[in-house]
Protein chains: 2
Amino acid sequence: MEEQIQKILKHNQLSVTGGRTKILELFLAQDDALAHADIERKTGEKFDRVTVYRTLQTFLEKGIIHSIPTADNSVKYALCKDNCSEGHHHDHHVHFMCSVCGKTLCIDEVSVPVVNLPAGYKVEQIQMIVTGVCKDCA
Amino acid sequence: MEEQIQKILKHNQLSVTGGRTKILELFLAQDDALAHADIERKTGEKFDRVTVYRTLQTFLEKGIIHSIPTADNSVKYALCKDNCSEGHHHDHHVHFMCSVCGKTLCIDEVSVPVVNLPAGYKVEQIQMIVTGVCKDCA
DNA sequence: ACAAAACTTGCAACTCTGTTGCAAGTTCTT
DNA sequence: AAGAACTTGCAACAGAGTTGCAAGTTTTGT
Ligand SMILES: [Mn+2]
Ligand SMILES: [Mn+2]
Ligand SMILES: [Zn+2]
Ligand SMILES: [Zn+2]
């Protein structure tokens, strides 16, 4: 794991620091998406708030993580499993928010369906957020 | 219009006040979704920030407006055209965000497609947000 | 292995968004 | 017209996110 993390950081031309290593480790160990506050909590306040913001920002820009728009307008982040890079995300999967446990999940198996808009609209990106009860809470 | 506004407010058991009338008027006159800040700007700071928040909250609860989750996690609101009520929204249309003019639009003509999730997930609500170039900016 | 260059971090200060309690004001009911 | 019910503005606050800067760490080149 330690090794995998270094590889990811170096591959993205990022210096290997304690904060980045720890935060990336959290993402790799987690099955659901993380909010900024989750990260602060899970690192045991070991890093400054600002460092967490900047790290997430950097990871986003490099395409290591993607942000997830949620129905309640809170921001969550999850690892990109799809080999995304510098501003070119191409994970087109559905996102699921469980109303029982509150987890936000990437449903990698399901891609966002194509949709036909009225003439004149040019589609660049489609996001789909499903709310309901996840399989652990059913 | 004045008359229509009073009818909407009374139908929802809301007292007719200056603030509510003005804000509802804005929504009726607007073709795209409004953010809190837009409303403050357009009312010429005639009402307190808190009143605007409380009015939006009330309109949401009554089903007069619905909130729109945007890809950049800012909150926008638009009129419900679909006869929604107290916590029972049933506008299932696609939302569009133009990356040129920044407008957020309800595409009432297009409903959100059904999606099949893996076994065990129970779907309650689906939101679809399309980003691209709108027909005015094409 | 070392020094210099390049980058990252923590801190302080600040802005912006949203919330709450309360008293004064307005609207609705009779 | 008066009282009850509801709405508003104010002040105070909490939380989220941003920025500049100096000190600290990582990287690179020798
Ligand atoms: Mn995802
Ligand atoms: Mn809409
Ligand atoms: Zn769940
Ligand atoms: Zn446009």
Side-chain angles (χ1 to χ4, degrees), chain A residues 2-3 5-26 33-62 64-65 67-77 86 102 104, chain B residues 2-3 5-26 33-62 64-65 67-77 86 102 104:
Chain A
E2 188 63 21
E3 198 179 300
I5 290 171
Q6 297 215 0
K7 200 179 124 210
I8 295 172
L9 291 175
K10 290 209 167 114
H11 177 255
N12 286 282
Q13 290 123 265
L14 292 175
S15 30
V16 178
T17 67
R20 286 174 182 167
T21 303
K22 180 69 205 176
I23 292 174
L24 197 40
E25 201 175 289
L26 284 180
L34 292 167
H36 174 97
D38 299 326
I39 293 167
E40 277 201 80
R41 203 157 356 84
K42 288 185 189 256
T43 52
E45 281 99 36
K46 207 167 165 301
F47 305 100
D48 193 88
R49 256 157 32 81
V50 179
T51 302
V52 176
Y53 279 116
R54 291 200 269 226
T55 304
L56 290 173
Q57 193 50 52
T58 305
F59 285 3
L60 264 187
E61 279 161 11
K62 293 293 186 177
I64 299 173
I65 59 175
S67 71
I68 305 173
T70 61
D72 67 339
N73 285 280
S74 64
V75 199
K76 298 226 171 184
Y77 304 92
E86 297 271 350
T104 300
Chain B
E2 188 65 20
E3 198 181 302
I5 289 171
Q6 297 214 1
K7 200 179 123 210
I8 296 173
L9 291 176
K10 290 208 169 119
H11 177 254
N12 286 282
Q13 291 123 264
L14 291 175
S15 28
V16 179
T17 67
R20 286 175 182 166
T21 304
K22 181 69 204 173
I23 292 175
L24 198 39
E25 201 176 287
L26 284 179
L34 292 167
H36 174 95
D38 299 326
I39 294 168
E40 276 201 81
R41 203 158 354 84
K42 288 183 188 255
T43 52
E45 280 100 35
K46 207 168 164 298
F47 304 99
D48 192 88
R49 255 159 31 81
V50 179
T51 301
V52 177
Y53 280 117
R54 290 200 270 225
T55 304
L56 291 173
Q57 193 50 50
T58 305
F59 285 3
L60 265 186
E61 280 161 10
K62 293 292 185 178
I64 299 173
I65 59 175
S67 72
I68 305 173
T70 60
D72 66 340
N73 284 281
S74 65
V75 198
K76 299 226 173 184
Y77 304 91
E86 296 270 352
T104 299

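- Every residue two or more places apart in sequence or in another chain was checked for a salt bridge (charged side-chain N to carboxylate O under 4.0 Å, His left out) with B/Lys76, and none qualifies.
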*asked:* side chain to side chain contact (heavy atoms under 4.5 Å, CB included) for A/Ile64 and A/Leu14? Distances and angles first, verdict last.
replied: CA-CA 11 Å; A/Ile64 299 173; A/Leu14 292 175; 4.0 Å; yes
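- Separating the NZ atom of A/Lys62 from the C1' atom of C/dT8 is a distance of 14 Å, rounded to the nearest angstrom.
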*What string of B, S and - do you get for nucleotides 17-30 of chain D, 5' to 3', if B is base contact, S is sugar-phosphate-only contact and - is no contact with any protein heavy atom under 4.0 Å?*
BBBB-----SS---
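- Here D/dG9 presents its P atom at 11 Å from CD of B/Glu40, a figure rounded to the nearest Å.
- Proximity of B/Thr17 to B/Thr21: side-chain heavy atoms (C-beta onward) are nowhere separated by under 4.5 Å.
- Atom C1' of nucleotide C/dT9 and atom CZ of A/Arg20 are separated by 10 Å, given to the nearest angstrom.
- Rounded to an integer number of Å, the gap from CG of B/Leu9 to P of D/dT7 is 10 Å.
- Take A/Ser74 and apply the side chain to side chain donor-acceptor pair (under 3.5 Å) test, not counting sequence neighbours, and it matches A/Thr70, A/Asp72.
- Counting to the nearest Å, the P atom of D/dG15 and the CZ atom of A/Arg41 are 13 Å from each other.
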Tabulate below the donor-acceptor pairs under 3.5 Å that side-chain atoms of residues 50-59 of chain A make, not counting sequence neighbours, or state none.
residue, atom, partner, partner atom, Å
A/Thr55, OG1, A/Thr51, O, 2.7
A/Gln57, NE2, A/Glu61, OE2, 3.2
A/Thr58, OG1, A/Arg54, O, 2.8

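- The side chain to side chain donor-acceptor pair (under 3.5 Å) test applied to B/Asp38 returns B/Arg41, not counting sequence neighbours.
- If you take CD on B/Glu3 and CD1 on B/Ile5, they are separated by 10.5 Å, rounding to the nearest 0.5 Å.
- Between the P atom of C/dA12 and the CG atom of A/Asp48 lies a distance of 10 Å, rounded to the nearest Å.
- Of all heavy-atom pairs between B/Ser67 and B/Leu60, the closest is N-CD2, 3.6 Å.
- With hydrogens and angles ignored, the 3.5 Å screen pairs no side-chain donor or acceptor of A/Arg20 with any backbone N or O of A/Leu9.
- Spacing between atom CD of B/Glu45 and atom P of D/dT8 amounts to 18 Å, rounded to whole angstrom units.
- If one axis is set at each end of the helix from C/dA1-D/dT30 to C/dT30-D/dA1 from five pairs, those axes are 40° apart, to 10°.
- When rounded to the nearest whole Å, the span between CZ of B/Phe47 and C1' of D/dT7 equals 12 Å.
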